[in-house]
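Read the structure below first, then the notes.
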Protein chains: 2
Amino acid sequence: MKWDTLDEEQCSLSRTIAVVGDRWTLLILRECFLRVRRFEGFQSSLQITRHLLSERLKKLVRSGILRRVPYSEAPKRYEYILTQKGLDLYPIIMAMVHWGDTHMGDERGRPLLHEHKTCGKLFDPVMVCSECGDPLHAKQVHVHAGPGRKEVVG
Amino acid sequence: MKWDTLDEEQCSLSRTIAVVGDRWTLLILRECFLRVRRFEGFQSSLQITRHLLSERLKKLVRSGILRRVPYSEAPKRYEYILTQKGLDLYPIIMAMVHWGDTHMGDERGRPLLHEHKTCGKLFDPVMVCSECGDPLHAKQVHVHAGPGRKEVVG
DNA sequence: AGGCTATAGTTCCAAAATAGAACTGTCAAA
DNA sequence: TTTGACAGTTCTATTTTGGAACTATAGCCT
């Protein structure tokens, strides 16, 4: 597969994978949601090589997920801030964190707890149907071809 | 980073990434949710090299996400079925599909539509708080160190 | 003025992962 | 007996990563 044109695929999952489908990108985004914004911050907390970090940040900026904002004029220095498009990745990250808590946990318990500020409680993320509000399960979902589908599969 | 011990990291996201954090694995899982079960099925719909497909399927079986079930005795043939642990990845996949639909769509419209069998309507997946049921947004969440956390960050 | 430190990268080479194609082995059907 | 379907394995070439060192700008200290 030609990963460089993955974002032109018909499948929405492929298009998402094109931008966030690698290990480092996902970990960088985790740091973004933990309020890390600067090159040295990402580098020291992730132990990613500077070369790859540089690559990934550029790609995230090109994809419109991060904005590169100057925070110092002399010397010129920038920090990386999530755009709305980037903030909208939150459910993906939370879904992954929750699956890890549920299925990959160890005896120590979960490393982070999440508090929902609007209700004040510790919570788990739950994915529900936008129409009826019930929790979603794979077996209750039927897939139809949509308007953007070239040929029918599945 | 040593990717082979990523599943021993303290971070739940890292542990999830250890098993589903690469492009092909995610695409294979998409096919699983579209009811593909066999080697040739995955190979022909994804155009993945047979070598990598073989590797990834083995890893998914080792991780307990797929089960390798015989469907023919002579010759011995197997198919790959999602376990409950695998089925629980559904929110991750759906979150990614939904983000792709929202932010990476093109003029043709979305390729697939999802019907919730229990309510009969076409829906979008929404991530909500398990406690109050409100939709989750990154800025409304506060992170605490949990019992499995060695040191405090973030 | 000279040297140290902080920040944000870039460059270079070795090691690992992936792509692409061909090959293996088992069995059924023609 | 030949062909085809299925489920892989093996091989080499290319691409991506990892790891370490290097560059560049500017503030601060003496």
Side-chain angles (χ1 to χ4, degrees), chain A residues 1-7 9 14 17-29 31-32 35-63 66-82, chain B residues 1-7 9 14 17-29 31-32 35-63 66-82:
Chain A
M1 185 171 290
K2 41 310 154 236
W3 295 117
D4 48 341
T5 57
L6 197 57
D7 55 352
E9 292 270 312
S14 299
I17 289 173
V19 276
V20 301
D22 78 282
R23 284 144 144 63
W24 283 125
T25 299
L26 256 357
L27 291 171
I28 289 168
L29 287 168
E31 297 302 306
C32 291
R35 317 278 194 270
V36 173
R37 295 158 133 76
R38 298 184 185 174
F39 193 93
E40 297 297 321
F42 294 112
Q43 205 281 319
S44 64
S45 64
L46 294 175
Q47 298 298 103
I48 183 177
T49 65
R50 309 177 74 74
H51 178 53
L52 269 210
L53 176 57
S54 176
E55 287 295 308
R56 292 293 188 273
L57 289 173
K58 276 180 199 158
K59 191 177 161 196
L60 286 167
V61 170
R62 277 202 308 280
S63 313
L66 297 177
R67 252 175 321 130
R68 188 160 173 269
V69 181
Y71 72 89
S72 150
E73 281 306 315
K76 270 278 186 187
R77 298 226 185 289
Y78 299 88
E79 53 188 12
Y80 297 87
I81 313 277
L82 285 164
Chain B
M1 184 172 290
K2 42 310 153 239
W3 295 118
D4 48 341
T5 57
L6 197 56
D7 55 351
E9 292 270 313
S14 299
I17 288 173
V19 274
V20 299
D22 79 284
R23 284 143 144 63
W24 282 125
T25 299
L26 256 358
L27 290 171
I28 289 168
L29 288 168
E31 296 303 306
C32 292
R35 318 277 194 270
V36 173
R37 295 158 133 75
R38 298 182 185 176
F39 193 92
E40 297 295 322
F42 293 112
Q43 205 281 319
S44 63
S45 64
L46 294 176
Q47 298 297 103
I48 182 177
T49 66
R50 309 176 74 76
H51 177 52
L52 269 211
L53 176 57
S54 176
E55 287 294 308
R56 292 294 188 271
L57 289 172
K58 276 179 199 159
K59 192 177 160 196
L60 286 166
V61 170
R62 277 202 307 279
S63 313
L66 296 179
R67 252 176 320 132
R68 187 160 173 270
V69 181
Y71 71 89
S72 150
E73 282 305 318
K76 270 277 187 190
R77 299 224 184 290
Y78 298 88
E79 52 188 13
Y80 297 89
I81 313 277
L82 286 165

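Lettering of chains follows the sequences in order, A, B, ..., and the numbering in each one begins at 1.
For the pair B:E79 (side chain) and B:P70 (backbone), a donor-acceptor distance under 3.5 Å is absent. A donor-acceptor distance shorter than 3.5 angstrom exists from the side chain of A:S63 to the backbone of A:K59, with no hydrogens or angles considered.
For A:R77 and C:dG9, the shortest distance from a side-chain N or O to OP1 or OP2 is not below 4.0 Å. One finds a side-chain N or O of A:W3 lying less than 4.0 angstrom from the OP1 or OP2 phosphate oxygen of C:dA19. Residue A:Y80 places no side-chain N or O under 4.0 Å from the OP1 or OP2 atom of C:dT7. Close to C:dT26, at under 4.0 Å from its OP1 or OP2, lies no side-chain N or O of B:Y78. Considering only side-chain N and O atoms, B:K58 lies nowhere under 4.0 angstrom from the phosphate OP1 or OP2 of D:dA7.
Picking from D:dG8, C:dA6, C:dC27 the nucleotide with the shortest atom distance to the side chain of B:A74 gives C:dC27. Of the candidates D:dT25, D:dA7, C:dC27, C:dC27 carries the atom nearest the B:P75 side chain, counting heavy atoms from C-beta on. The B:R38 side chain lies nearest to D:dA7 when the options are D:dT9, D:dG18, D:dA7.
Distance, A:F39 CZ to C:dT7 C1': 9 Å, rounded to whole Å. The CZ atom of A:R56 sits 12 Å away from the C1' atom of D:dG18 (whole-angstrom rounding). One can place NZ of A:K76 at 20 Å from C1' of C:dT10, the figure rounded to the nearest angstrom. To the nearest angstrom, C1' of C:dA17 lies 13 Å from CG of B:D4. Distance, A:L57 CG to C:dT7 C1': 14 Å, rounded to whole Å. In this entry the distance linking CG of A:L6 with P of D:dT16 reads 13 Å, nearest Å.
Between A:L66 and A:L82 the shortest side-chain heavy-atom distance falls below 4.5 Å. Looking only at side-chain heavy atoms (C-beta outward), B:E9 and B:I17 stay at 4.5 Å or farther from each other. In this structure, B:L46 and B:L53 have side chains that are not in contact, with every pair of non-hydrogen atoms separated by 4.5 Å or more.
Nearest approach of B:L27 to A:S14, heavy atoms of both residues: CD2-OG, 3.7 Å. The two residues B:V19 and B:L60 make their nearest non-hydrogen contact at O-CD2, 4.4 Å.
Using a 4.0 Å cut-off on heavy atoms, the residues of residues 18-29 of chain B that approach DNA chain C are B:W24, listed by number. Applying a 4.0 Å cut-off to non-hydrogen atoms, the residues of residues 40-55 of chain B that approach DNA chain C are B:T49, B:R50, B:L52, listed by residue number.
Figure legend: cation-pi geometry between B:R38 and B:Y71, with NZ or CZ positioned under 6.0 Å from the six-membered ring centre and within 45° of its axis.
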Item to check | Intermediate values then yes/no, side chain to side chain donor-acceptor pair (under 3.5 Å), A:R68 and A:Y80 | outcome: CA-CA 5 Å; A:R68 188 160 173 269; A:Y80 297 87; 3.3 Å; yes
